Amino acid sequence: MPGPSLVLILNCGSSSLKFSAIDPADGAESLYGQAEALGTSAARLKWRQHNEEGDEQLSPTDDCESIIEALVGRFAESWSHLRERLMAIGHRVVHGGEHFADSALIDTKVLSAIRNCCELAPLHNPAALQGIQASLTAFPQLPQVAVFDTAFHQSMPDYAYLYALPYSLYRDHHIRRYGMHGSSHRSIAERGAQLLKTPIDKVNIISGHLGNGASICAIKGGQSLDTSMGLTPLEGLVMGSRCGDLDPGLLLHLGEALDYSLAELELLLNRKSGLLGISELSNDCRELEEAMAKGHAGARLALNIFCYRLAKYIAAYTVPLKRLDALVFTGGIGENSSWVRRKTIDWLSPLGYQLDAERNEKIRFGAEGRISRIGTPDIFVIPTREDWVIARDTARLAAKAQ
Ligand code: ADP
């Protein structure tokens, strides 16, 4: 029987809980599950481990706490072979504010710092805290670690993270750009450095994480120098249902001229905009590509705006890097949509970028590799491994706790 070698990763959101068991040594996944649509009658729990899969209805009253309790039950019975191998628990936490430039072993001080960040991430941090509390009760004997989406971006310089607002808002209320998707961009920096055969502290990469949420990061010497998400995940690129960059005056106009309340604005900007809002069809890139192929004008427009905005960001992010080793596409869209990659790179041809059309078509569905033409700036597709980054950080800090 092998010794404890698995990290249980918990990612608690306001309406979902994702969990997986990962071996930090090689990234192998022994268990993956997702509880979705929590708080509604459509709530379900889906999971897979080795050749087994499950898909069960949940009660609308189920929340992160009751699901974690149910997981404990499974670890005691059908998943007991996995329970024996758990060494620690890693929690994905969206906002660590300026408190955390690294992951942290959870203790009362860390919990109180996460609580302090709830004001900065009212949609995300309270759910993560609920999950952590439930998990501390459920697995009291295991070390638990918080891994922050913002931590990787704490290396940003002040000229990149400050908004051009009165400085007192930063000084007194911590209002600044923080960035998210840190574990994903970090995993791209690490894998990109390996593929380029360059030490991580020498590698310069632009990483585009394109999923339902999307952000781009300028990475210099393995460290984040700038990233497109800001105080919240709303800033930057066009996303599935988030708007990305806007004229801030537009918000005043919506409030004054069209009577939008704060709650309505929150819904509009986070849930009704982006690909969904423009296409009036779907937030899902694959569905939009299928609709575009059948002539749906809204789908084509939404995807065009997505790629145009992305190309402008890629061009802008060469500024802080001076020398660029590679542009990397990752996330569900970046890893799979050869159309989005082609359309985006078309805009960038004045900067010398050129795709190898055949490789661009081929590299999808979890594959990795270069998609640029030989002799032009390197463009890679690299599947993100944020879960592996979380597992490794958790194992590293848990070892210190022993
Ligand atoms: P999340 O941010 O929820 O983790 P993902 O990284 O899984 O999201 O990305 C989801 C997005 O990836 C969706 O828009 C989906 O349509 C897109 N996607 C997945 N597979 C494909 C594909 N084969 N072609 C185009 N888009 C795809």
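Numbering of ligands and ligand atoms starts at 1, following listing order. Residues: numbered from 1 along the sequence shown. Small disclaimer: the values here were computed from a predicted structure and weren't measured.
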Engineer: Does E56 have any side-chain hydrogen bond (donor to acceptor under 3.5 Å, both in side chains) partners at least two apart in sequence or in another chain, and if so, which?
Structural biologist: W47, R74

Engineer: Ignoring hydrogens, just give me the one of G240, C285, A214 whose non-hydrogen atom is nearest atom 14 (O) of ligand 1.
Structural biologist: C285

Engineer: Backbone, side chain, both or neither: what part of W339 comes under 4.0 angstrom of ligand 1, heavy atoms only?
Structural biologist: neither

Engineer: Just checking, is any N or O donor in the side chain of T330 or H209 under 3.5 Å from an acceptor N or O on the other one?
Structural biologist: no

Engineer: Does any donor atom in the side chain of Y313 or D245 lie under 3.5 Å from an acceptor atom in the other side chain?
Structural biologist: yes

Engineer: Starting from atom 10 (C) of ligand 1, locate the nearest protein heavy atom and write down its residue, its atom name and how far away it is, to 0.1 Å.
Structural biologist: N212 N, 4.0 Å

Engineer: Under 3.5 Å, is there a donor-acceptor pair between the Q49 and S30 side chains?
Structural biologist: no

Engineer: Do K18 and ligand 1 have an N or O pair less than 3.5 Å apart?
Structural biologist: no

Engineer: Under 4.0 Å from a heavy atom of E289: give me the atoms of ligand 1 that qualify, with their elements.
Structural biologist: 25 (C)

Engineer: Of the protein's non-hydrogen atoms, which lies at the shortest distance from atom 26 (N) of ligand 1, and what is that distance?
Structural biologist: R286 N, 3.6 Å

Engineer: Considering only non-hydrogen protein atoms, determine which one is nearest to atom 21 (C) of ligand 1 and report residue, atom name and distance to 0.1 Å.
Structural biologist: N336 CB, 3.4 Å

Engineer: Check ligand 1 against G213 and write out every atom of the ligand that is under 4.0 Å from a heavy-atom position of the residue.
Structural biologist: 2 (O)

Engineer: Considering both backbone and side-chain atoms of G331, is one of its nitrogen or oxygen atoms within less than 3.5 Å of a nitrogen or oxygen in ligand 1?
Structural biologist: no

Engineer: Check each of S282, S16, G332 against atom 12 (O) of ligand 1 and report the one with the nearest heavy atom.
Structural biologist: G332

Engineer: Below 4.0 Å, non-hydrogen atoms only: which portion of E287 touches ligand 1? Side chain, backbone, both or neither.
Structural biologist: neither

Engineer: Checking a contact table here: which protein heavy atom is nearest atom 15 (C) of ligand 1, and how many Å away?
Structural biologist: D284 OD2, 3.7 Å

Engineer: With respect to F19, which candidate in I9, L71, I68 satisfies the side chain to side chain contact (heavy atoms under 4.5 Å, CB included) definition?
Structural biologist: L71

Engineer: Under 3.5 Å, is there a donor-acceptor pair linking the side chains of Y163 and E235?
Structural biologist: yes

Engineer: What residue and heavy atom of the protein are closest to atom 11 (C) of ligand 1, and at what distance?
Structural biologist: I333 CG1, 3.7 Å

Engineer: Could you check, using the six-membered ring where one of them is a Trp, whether Y161 and Y170 have ring centers closer than 6.0 angstrom?
Structural biologist: yes

Engineer: Would you kindly say whether R85 and S5 are connected by a side-chain donor-acceptor distance under 3.5 Å?
Structural biologist: yes

Engineer: Any nitrogen or oxygen of F365, main chain or side chain, under 3.5 Å from a nitrogen or oxygen of ligand 1?
Structural biologist: no

Engineer: Can you find a side-chain donor-acceptor pair between S207 and H185 that sits under 3.5 Å?
Structural biologist: yes

Engineer: Decide, yes or no, whether a salt bridge links R392 with E190 under the criterion of side-chain N to carboxylate O below 4.0 Å.
Structural biologist: yes

Engineer: For ligand 1, which is the ligand I care about here, please tell me if S337 has any N or O atom under 3.5 Å from one of the ligand's N or O atoms.
Structural biologist: no

